[in-house]
Each structure stands twice: as C-alpha cells, then as structure tokens.
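Accompanying notes for the structure given below.
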Amino acid sequence: MWFMYALSWLSLLIQVAFVTLAIAAGLYYLAELIEEYTVVTRRIIKYMIWFSSAVLVGLYLFEQFPGFMVGVGLFTNLVYFGLLQTFPFIVLTSSNFILSCGLVVFNHYLAFQYFAEEYYLFSEVLAYFTFCLWLIPFAFFVSLSAGENVLPSTVQPGDDVVSNYFTKGKRGKRSGILLIFSFIKEAILPSRQKIY
C-alpha cells in the first residue's frame with residue numbers, strides 16, 4: 001500500500017514538471033510569434049479589449065453585476081487602449097502602464113469581494129477572471145519583449161542605425177521575457193558544440 005502511495009507522489013511530481021515545461025515552451029513560442037508579428041498582435045489585443053468590454057456590458061445587462069465593478073472594468077479597458085497607442089513599445093514608467101497595473105489589482109479586489117458575497121459556480125468565476133481580468137494583461141506581459149529588437153530602438157548612444165544594424169544583425173541580443181526563456185532552455189537542454 002505504501003509503495004503505490006509513493007509511486008503516486010512521484011508520478012505527480014513528474015507530471016507537474018512536464019506541464020511546467022510545456023507551459024514554458026508555449027510561452028516562449030508565443031513570445032517569438034508576438035515579436036515577429038507585432039502589427040497582427042496589436043490588432044488581436046485590440047479585439048480582445050473590445051471583447052472584454054462586450055462581456056462586461058453583457059454581465060451588467062444580463063447578470064446584474066454591480067455597476068461600479070463593471071465601470072472600473074470598462075475604465076481599465078480604456079487605459080489598455082492607451083497602452084496600445086505606443087505598442088509594441090511599452091514604457092514601464094509611463095503613467096498609463098502604472099495606472100493599468102494599479103487597476104488590475106483593484107479589479108481583482110472588487111471581483112474577490114463580489115464573488116465572496118454572491119454564489120457562482122467555480123467555472124463561472126473562472127470565466128469572469130479569464131475574460132475580464134487576466135487575458136489582456138497576460139497579452140501585454142508576453143508582448144513586453146516585442147519592441148526591443150525593432151530598429152532604431154536597439155541603437156546605443158554613440159552608434160548610428162546602419163552600423164548597429166550590420167554589426168549586430170537583425171536579431172541582436174535578447175532581453176526581457178525571451179532572455180529568461182532562452183536561459184531556462186539552455187539550463188534544461190544545453191546545446192552541444194559540434195567538433196570537427
């Protein structure tokens with residue numbers, strides 16, 4: 001009996017490791033796609049903001065969600081539209097970015113407060129959190145590294161655009177979330193050098 005119990009814990013650890021690896025690989029691939037297709041990404045995020053706004057209005061009209069919570073959610077989506085104005089360049093010290101981070105925390109507080117008082121199924125609560133609170137900030141988070149390799153933003157002080165482009169190539173050093181994923185990939189699956 002104890003042997004099967006130990007095996008179940010070992011298999012659970014292996015499954016968690018595989019799921020974590022799959023999520024990391026998916027995020028890395030998603031970040032690569034976003035970096036490559038920034039115009040399409042901007043359009044997709046814009047449609048996600050419109051969809052989230054429609055969901056909030058639907059929740060207000062059909063499910064009698066509190067007007068204040070829906071209003072704060074719609075205002076947050078308006079701030080997200082402000083972040084899209086400079087996409088893929090997101091300045092982490094801009095008032096728009098700081099306000100959006102604060103509103104994400106405030107929206108979570110309002111949602112936890114509301115769902116603590118009203119009973120909904122777990123799947124319904126998860127649907128609200130997914131479409132109204134998590135989807136758009138996650139899209140912005142994954143796309144943070146998209147503007148880092150776009151010329152002329154990779155120019156260091158003292159360099160000109162042309163020499164910087166030809167010396168570092170089209171894809172220079174990566175930073176941000178892609179650097180983290182590259183480091184994890186090299187730590188888990190180190191590449192081998194070919195010996196001739």
Side-chain angles (χ1 to χ4, degrees), residues 20 22-57 69-112 128-165 167-187:
T20 304
I23 290 172
L27 284 176
Y28 182 79
Y29 181 70
L30 194 60
E32 284 281 338
L33 281 177
I34 288 172
E35 183 179 296
E36 197 68 31
Y37 302 104
T38 55
V39 175
V40 175
T41 302
R42 183 179 190 272
R43 190 175 302 134
I44 289 172
I45 292 175
K46 182 175 75 171
Y47 292 145
M48 287 189 329
I49 295 172
W50 282 114
F51 177 75
S52 175
S53 299
V55 167
L56 285 168
V57 169
M69 187 168 82
V70 171
V72 171
L74 290 174
F75 179 69
T76 305
N77 287 347
L78 190 65
V79 172
Y80 292 150
F81 275 121
L83 280 177
L84 269 183
Q85 298 302 318
T86 60
F87 188 84
F89 305 106
I90 298 174
V91 181
L92 300 180
T93 57
S94 70
S95 58
N96 244 359
F97 182 77
I98 294 171
L99 181 62
S100 67
C101 290
L103 285 171
V104 165
V105 172
F106 188 57
N107 274 323
H108 277 79
Y109 170 76
L110 291 176
F112 283 131
Y128 174 79
F129 274 83
T130 301
F131 292 123
C132 298
L133 298 182
W134 294 338
L135 196 62
I136 300 165
F138 179 74
F140 278 120
F141 172 73
V142 172
S143 65
L144 278 177
S145 65
E148 294 175 352
N149 295 323
V150 179
L151 291 175
S153 68
T154 58
V155 176
Q156 299 297 325
D159 290 344
D160 65 329
V161 175
V162 176
S163 64
N164 188 39
Y165 182 79
T167 57
K168 291 187 178 176
K170 207 172 188 179
R171 287 184 166 270
K173 290 179 70 176
R174 292 193 171 157
S175 57
I177 192 168
L178 288 179
L179 179 68
I180 294 169
F181 287 142
S182 295
F183 176 74
I184 292 171
K185 182 180 83 170
E186 285 298 320

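Note that the numbering runs from 1 along the sequence shown for the chain.
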Check: [Y] and [X] side chains under 4.5 Å, non-hydrogen atoms:
X      : Y     : value
Lys46  : Phe51 : no
Leu99  : Phe75 : yes
Phe138 : Leu27 : yes

Item to complete: Could you grab the distance from atom CG of Leu33 to atom OG1 of Thr41, nearest 0.5 Å is fine?
Response: 8.0 Å
Worksheet item: Rounded to the nearest 0.5 Å, how far apart are CD of Gln85 and OG of Ser94?
Response: 12.0 Å
Where does the angle between the aromatic ring planes of [X] and [Y] fall among parallel (under 30°), tilted (30 to 60°) and perpendicular (over 60°)?
X      : Y      : answer
Phe87  : Phe140 : perpendicular
Phe129 : Trp134 : tilted
Tyr109 : Phe106 : parallel

Item to complete: Mind running side-chain contact (heavy atoms from CB on, under 4.5 Å) on Ile49 and Leu84 for me, showing each step along the way?
Response: CA-CA 10 Å; Ile49 295 172; Leu84 269 183; 3.9 Å; yes
Kindly give the heavy-atom pair with the smallest separation between [X] and [Y], and that separation in Å.
X      : Y      : answer
Ser52  : Cys132 : OG-CA, 3.8 Å
Val79  : Asn96  : CG1-O, 3.6 Å
Leu110 : Met69  : O-SD, 3.7 Å

Practice prompt. Please confirm whether Trp50 and Phe81 have ring centers closer than 6.0 angstrom.
Written response: yes
Worksheet item: Testing Val72, Thr76, Asn77 for side chain to side chain contact (heavy atoms under 4.5 Å, CB included) with Leu56, which one passes?
Response: Asn77
Discussion item. Tell me whether Ser100 contacts the main-chain N or O of Tyr80 through its side chain, where contact means a donor paired with an acceptor under 3.5 Å.
Written reply: no
Worksheet item: For the side chain of Asn107 and the backbone of Leu133, is there at least one donor-acceptor N/O pair under 3.5 Å apart?
Response: no
